[in-house]
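Down below is the structure, laid out as structure tokens.
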Amino acid sequence: MASLLVSILVTPEYLDFLQEDEYGFVILFTQLVAYTSVLDFGIGSWLLQKISVGLISASDQTDAIIKKSYRVLFLVLIVSLPIIAIIAFKTDLFFSLPTGHAFSKTLFFFALLASVVSIFFKPFTSIQVAKEHLRTNATINFFSLLIFNVGSLVLLHLGWGINSFFLAHITSVIINLSASSYFLKKQKSFALHIGIPTLSETQTVLSGSFFIFLNAISAQIIYNGDRIILAGFVSLSSLSLFSLNIRVLEIGQTALIKMTDTYMPKMIKAANLGVDFCYTYFFHISRLTAVAAILILANIFLFNQTFITLWIGPEWIMPSSEALTASYGLAVFLHVVFRIPSIFLFGLGKNEGYTKTSFADGILNLTLSFLLIPKMGVMGAVTATVISTLVTSVPANIYLLKNALHKSRSFWRIIEPGLMPLAKSAPLLGASLWASSAISAFADSWLRFVFATILLNLIIIPVTVMINFGGLKNLQKEINQLNHGFHR
């Protein structure tokens, strides 16, 4: 989260040096980097699942699985080289390249190559998350992203233009991998293994990770596909406006996902400790996530336009900003809250079911994006996301989890922890969106903005907690149950 706040600080500086289409290409570059993460073929997430179960059962096969995974990832790295070469050197076939500064396809290639090389270290992340050593992984990521943001800014001042971001990215990845290598050496039972895998090893690993790989592709389509289509079918400038107007929403979404990821190892373990315990843990984490999402969305509905005005200027606010905020806010809520059932399905080893659901969501989202974005622009992208989520992902994940719990729970009991907080807090969210114009008129300086934020949250937070938990004591009790539920 700290790295995202750093990006908020440096973006106004970026915009001073870059034209709209150049900044749009920077956003496109970050989306392509995100897409390279799927080139691990789901092995990182599959390892997380295997290591978590291995730590529970003290399986002697855990170390062998990790060794096989390293060798398969090394093969993936070699096979991926021609793919990123085509993307880097033939970019102008798909997008209008920015014209403000010289564009280096070679640096672009090496920046993408650095991202592909980093997938070889996915087992390290899986080990840290499975062992709940989240601080190590978070610290490495924070400093590498800080180096990217600060490095980009320094290079922009030195006149490197859009190439600044490629160089800064390469540097940050090198530092990230160096730190990961250091900590890997300290993992006495988990050593780095380089080599070509046998056919049997490749089949073993990829057969386990295939459905997770499809799920990762679907996630990238849902979260990033619309932006790539927007850049290709509309313009890089439109991508700039879209990205800047939803930046705060993205930060809120990331915060919520980080919160649920913190509990992911516990959710995976809970899924394997019996139907009753699994449902109890699911109920608590879903309700807590839903309430956290409502608090974040209420603040974004209230302050997003005011923040953009003070942050980068009113000229960057889109004409349909309020509708965009409300629609994308709904998409964030649905994706984050109803992502919880898929994590429990993942923990139960039901990869095939929820992956088919996610893949259907991604295909529908992609189809709607191609149809709606050329006609509706930015609102077409958001509309495609909301419709595809409501039609496929939400109902299917609920249905699959209900069946995984051996039909011991009704559909309502699966929906309740995510839906009830939204229903109870709907008037609050509506009032927040309605009051945004008044806030913009009042908070015409950062001092007034901070004052309004603190004052209104002194009302919003207690009201939301009271509506959903009956008071702060009950909220604290719920959090304690999540943290200490395994010490029964």
Side-chain angles (χ1 to χ4, degrees), residues 1-24 26-27 30 145-146 148-150 152-154 156-157 165 227 236-256 258 292-332 378-379 382 428-461 464:
M1 281 306 300
S3 61
L4 288 171
L5 295 177
V6 170
S7 73
I8 287 287
L9 293 174
V10 298
T11 295
E13 291 289 327
Y14 292 165
L15 296 177
D16 286 341
F17 286 93
L18 301 175
Q19 298 175 12
E20 279 188 16
D21 62 339
E22 289 180 306
Y23 185 71
V26 171
I27 300 300
T30 62
L145 288 171
L146 182 65
F148 169 74
N149 284 297
V150 175
S152 299
L153 188 59
V154 171
L156 280 171
H157 277 276
F165 297 90
R227 296 167 204 203
L236 290 170
S237 297
S238 296
L239 179 58
S240 293
L241 285 172
F242 177 57
S243 175
L244 292 168
N245 276 261
I246 65 167
R247 181 64 58 83
V248 178
L249 275 161
E250 287 183 318
I251 291 176
Q253 182 179 29
T254 301
L256 291 166
K258 292 282 186 184
I294 287 164
L295 288 172
I296 288 175
L297 289 180
N299 275 273
I300 291 172
F301 288 176
L302 275 168
F303 302 112
N304 190 46
Q305 287 195 47
T306 306
F307 177 80
I308 294 172
T309 300
L310 295 172
W311 177 42
I312 53 178
E315 66 274 12
W316 291 98
I317 296 178
M318 298 181 64
S320 56
S321 179
E322 289 185 355
L324 175 65
T325 302
S327 302
Y328 200 85
L330 175 61
V332 166
V378 168
M379 287 307 299
V382 178
L428 173 67
L429 292 174
S432 299
L433 197 61
W434 173 80
S436 61
S437 297
I439 297 297
S440 296
F442 169 78
D444 55 0
S445 67
W446 283 112
L447 182 61
R448 286 193 169 198
F449 177 81
V450 172
F451 173 76
T453 302
I454 294 172
L455 180 63
L456 289 174
N457 273 283
L458 288 174
I459 300 171
I460 292 171
I461 294 174
T464 305

- Task: Dump the intermediate steps for side chain to side chain contact (heavy atoms under 4.5 Å, CB included) on Leu156 and Leu18, then the final yes or no.
- Result: CA-CA 9 Å; Leu156 280 171; Leu18 301 175; 4.0 Å; yes

Expected list for residues 440-447: side-chain donor-acceptor pairs under 3.5 angstrom, two or more places apart:
from	atom 1	to	atom 2	distance (Å)
Ser440	OG	Thr306	OG1	3.0
Ser440	OG	Ser436	O	3.1
Ser445	OG	Arg448	N	3.3

- Task: Apply side chain to side chain contact (heavy atoms under 4.5 Å, CB included) to Leu15 and Trp316, showing your working.
- Result: CA-CA 11 Å; Leu15 296 177; Trp316 291 98; 4.0 Å; yes

- List for me each residue that meets side-chain hydrogen bond (donor to acceptor under 3.5 Å, both in side chains) alongside Asn299, sequence neighbours excluded, and say none if there are none. Asn457

- Message: Could you check whether any side-chain heavy atom of Gln253 comes within less than 4.5 Å of a side-chain heavy atom of Tyr328, counting everything from C-beta outward?
- Response: yes

- Note on the structure: Value for CG (Leu153) from CZ (Phe165), rounded to nearest 0.5 Å, stands at 8.5 Å

- Query: Are side-chain heavy atoms of Phe242 and Ile27 found at a separation under 4.5 Å?
  - Reply: no

- Evaluate the side-chain proximity of Val10 to Val150: yes if any heavy-atom separation is below 4.5 Å, no if none is. no

- Query: By side-chain hydrogen bond (donor to acceptor under 3.5 Å, both in side chains), which residues pair with Ser238, not counting sequence neighbours?
  - Reply: Ser235

- Task: With sequence neighbours left out, write down each residue that passes side chain to side chain contact (heavy atoms under 4.5 Å, CB included) with Leu456, or none if nothing qualifies.
- Result: Leu302, Phe303, Ile439, Ile460

- Item | From Ser437 atom OG to Gln305 atom CD, the distance as rounded to the nearest 0.5 Å | 6.0 Å

- Message: Distance check, rounded to the nearest 0.5 Å: Ile246 atom CD1 versus Ser327 atom OG?
- Response: 12.0 Å

- Message: I'd like to check Leu239 versus Asp21 (side-chain heavy atoms, cut-off strictly below 4.5 Å). Are they in contact?
- Response: no

- Straight-line distance of Thr464 OG1 to Leu295 CG, nearest 0.5 Å: 4.5 Å

- Interatomic distance, OG@Ser240 vs CZ@Arg227, rounded to 0.5 Å, equals 12.0 Å

- Taking the side chain as every heavy atom from C-beta outward, state whether Val26 and Tyr14 have any pair of such atoms under 4.5 Å apart. no

- Item | Test item: Glu20 and Leu236 side chains (from C-beta on) under 4.5 Å apart, heavy atoms | no

- Output all residues satisfying side-chain hydrogen bond (donor to acceptor under 3.5 Å, both in side chains) with Thr11, sequence neighbours left out; order by chain, then residue number. Arg247

- So do the side chains of Tyr23 and Leu244 get within less than 4.5 Å of each other, counting heavy atoms only? yes

- CG-CG distance between Leu330 and Leu297, expressed to the nearest 0.5 angstrom: 9.0 Å

- Residues that Leu433 engages under side chain to side chain contact (heavy atoms under 4.5 Å, CB included), provided they are two or more places apart: Phe301, Ala326

- Message: Counting C-beta onward and ignoring hydrogens, is there a side-chain heavy-atom pair between Met318 and Leu324 closer than 4.5 Å?
- Response: yes

- Heavy-atom pair of closest approach, residues Leu249 and Gly329: CD2-CA, 3.9 Å

- Item | Passing candidate, side-chain contact (heavy atoms from CB on, under 4.5 Å) with Ile251, options Leu256, Ile8, Ile300 | Ile8

